[in-house]
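These notes concern the structure reproduced below.
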Amino acid sequence: MADTTSATFAPPPATNPTAVEPPKRWADEEDEAPEQPISTASAASSSYDKLAAELVEGLKVDEEEKINQYLEEPEESNITAVTSGDTPYTSASLFEDLNLSPELLKGIYVEMKFEKPSKIQAVTLPMILTSPYKDLIAQAHNGSGKTTCFVLGMLSRVDPKLMAPQALCICPTRELAMQNLEVLQKMGKYTGIIPELAVPNEKISVYKRGPVSAQVVIGTPGTIKKWMSLKKLGASYIKILVFDEADHMLAEDGFKDDSLRIMKDIERISSHCQVLLFSATFNETVKNFVSRVVKPDHNQVFVKKEELSLESVKQYKVNCPDERAKIMVVKDKIFEFGENLGQTIIFVRTKVNASMLHTELTGFGYEVTTIQGALKQEDRDRIVKEFKDGLTQVLISTDLLARGFDQQQVNLVINFDLPFKHNSPSEPDYEVYLHRIGRAGRFGRKGAVFNLLCHDRDHMLMSKIENHFGKQVTEVSSWQNVEDFKVALKEAGLL
DNA sequence: TCAGGAT
């Protein structure tokens with residue numbers, strides 16, 4: 001594949017719009033982490049090639065509507081946007097183009113240290129912030145700045161003088177809700193807007209508290225649903241509703257029921273509420289479903305699946321004769337080089353495997369921490385904090401952290417187990433795979449992924465993943481040879 | 001042998 005950073009911005013079936021901006025990397029801003037200044041126009045820009053206009057599959061826009069209004073867009077973009085209706089949008093090349101308050105701009109420049117909008121931000125922010133406020137389904141690469149899109153959207157649309165919940169953001173895990181809250185607090189530092197976290201809390205009873213007066217609420221589905229049903233969280237003034245990791249939030253085996261319930265309760269009371277659905281992944285099934293969930297005149301932004309895997313993250317597979325060998329690879333190869341690398345996340349499929357691997361590695365005397373949902377919340381919080389503070393080097397995790405978790409120093413991801421679909425174990429979970437490898441290479445950084453394969457099924461899953469993304473994964477010749485791993489890590493740019 | 005949130 002030539003280069004995922006390149007593409008044409010062209011809604012079907014129209015002709016290409018005019019290029020208005022010089023090419024730049026898609027990952028010119030990180031997803032959830034504000035700490036790093038944006039590096040804009042990169043040296044890689046010369047290698048962009050132009051892709052043909054592509055159809056957005058699953059488009060469900062009313063045929064009677066004029067659907068081909070589109071943004072003036074940088075021609076080098078790997079996203080396809082389709083807008084619906086008469087509203088014209090102009091890509092925002094500067095944050096100043098967005099009519100943001102001076103307080104919000106100050107947060108963007110001073111606190112976040114952003115310079116200019118990333119690709120996904122340039123395209124979606126005008127859609128989010130232009131009246132009439134239409135629903136939006138937006139897909140963009142891992143680490144490309146999605147969080148900023150909806151956080152900025154929420155902060156910008158909230159009236160700071162009205163002390164009532166006006167924006168709601170729903171996330172699949174407590175960790176992600178907390179991370180998003182932190183971004184919002186930082187970006188909104190000068191706005192005076194008050195946020196609140198809505199996640200389960202053993203210490204504070206929801207029954208004893210008063211109604212929420214915070215203007216932005218970020219949380220997990222069950223808690224938000226509960227607060228709403230207990231009339232602690234009023235929907236009257238909510239005008240923007242965000243689903244982070246929206247494909248998972250609306251998937252059949254995800255949080256679909258809770259999410260729909262919340263959405264309907266809000267829309268019943270606040271019918272003009274704008275709904276934003278963000279994720280790096282939308283499989284065809286979910287894409288079709290979500291486009292029927294939002295209002296018919298919604299806008300869409302999508303990326304082809306072949307272009308979703310990050311070019312900056314080098315993927316490898318390692319054939320291991322048995323489970324024991326997988327542990328040895330982690331022990332002798334990963335820890336061997338680990339000191340010279342950034343941080344590492346080892347993904348396992350089950351809590352049991354997480355505990356097993358943790359016991360094995362600590363038994364060898366290695367320092368490693370493990371996070372999974374069965375731990376107490378305070379332990380989860382501590383482990384995440386230690387990892388984010390750089391106090392721990394290697395973190396074992398279930399898919400709890402597969403999505404959204406942003407830690408820039410992670411440049412190595414180990415798939416100790418490959419993700420597969422619960423209801424059909426011979427099918428890989430392509431979306432989880434993509435989210436996992438997206439934990440490395442945040443903000444366009446270099447990274448490496450090692451997939452440890454031992455059973456026949458692993459090989460089958462791996463080849464299906466390769467086919468799905470149209471990308472061959474390089475094989476490490478021998479699981480026992482330190483040199484092979486060294487070569488791989490050098491090739492990935494990590495040594 | 002699902003992991004996640006919440007009950």
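Note on naming: letters A, B, ... go to the chains in the order of the sequence lines (proteins, then strands), and numbering restarts at 1 for each one. These figures come from a predicted structure and were not determined experimentally. Any value given below was found using the heavy atoms of this structure, including those in side chains, with hydrogens, waters and symmetry copies removed.
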Worksheet item: Hey, does the side chain of Q407(A) reach the backbone of Q409(A) with a donor-acceptor pair shorter than 3.5 angstrom?
Response: no
Worksheet item: Between atom CG in L400(A) and atom C1' in dG4(B), what is the gap in whole Å?
Response: 7 Å
Discussion item. Please report the distance, rounded to the nearest Å, between CG in D253(A) and P in dC2(B).
Written reply: 13 Å
Fill in: T173(A) vs dG5(B): side-chain N/O to OP1/OP2 distance below 4.0 Å
no
Item to complete: In whole angstrom, give the distance that lies between atom NZ of K351(A) and atom C1' of dG4(B).
Response: 8 Å
Item to complete: Quick one: label R403(A) by what it contacts on the DNA or RNA (base, sugar-phosphate, nothing), any heavy atom closer than 4.0 Å.
Response: nothing
Item to complete: Answer with base, sugar-phosphate or nothing: what part of the nucleic acid does F420(A) contact at a heavy-atom distance below 4.0 Å?
Response: nothing
Worksheet item: Taking atom P of dG4(B) as reference, at what distance in whole Å does atom CZ of R436(A) sit?
Response: 11 Å
Discussion item. Classify N353(A) by what it touches in the nucleic acid, base, sugar-phosphate, or nothing, heavy-atom distance under 4.0 Å.
Written reply: nothing
Discussion item. Using whole Å, what does the distance between atom P of nucleotide dT7(B) and atom OH of Y207(A) come to?
Written reply: 7 Å
Item to complete: Between dT7(B), dG5(B), dC2(B), spot the one nearest the side chain of K226(A), thanks.
Response: dT7(B)
Discussion item. Measure CG/D258(A) against P/dG5(B) and give the value in whole Å, please.
Written reply: 12 Å
Worksheet entry | Main-chain N/O of K351(A) paired with S355(A) side-chain donor or acceptor, under 3.5 Å | yes
Worksheet item: Is the number of heavy atoms from other residues, nucleotides or ligands within 6.0 Å of CZ (F335(A)) greater than 12?
Response: yes
Discussion item. Please identify which of these residues, K295(A), H298(A), Q300(A), meets the side chain to side chain donor-acceptor pair (under 3.5 Å) condition with D135(A).
Written reply: K295(A)
Discussion item. Heavy atoms only, 4.0 Å cut-off, all strands: where does K421(A) land among base, sugar-phosphate and nothing?
Written reply: nothing
Discussion item. Is it the case that atom NZ in K232(A) sees more than 12 heavy atoms from other parts of the structure closer than 6.0 Å?
Written reply: yes
Fill in: Atom-to-atom span, CD1 of I371(A) to P of dA3(B) - whole angstrom
15 Å
Discussion item. Rounded to whole Å, how long is the line connecting atom CG of L176(A) with atom P of dA3(B)?
Written reply: 19 Å
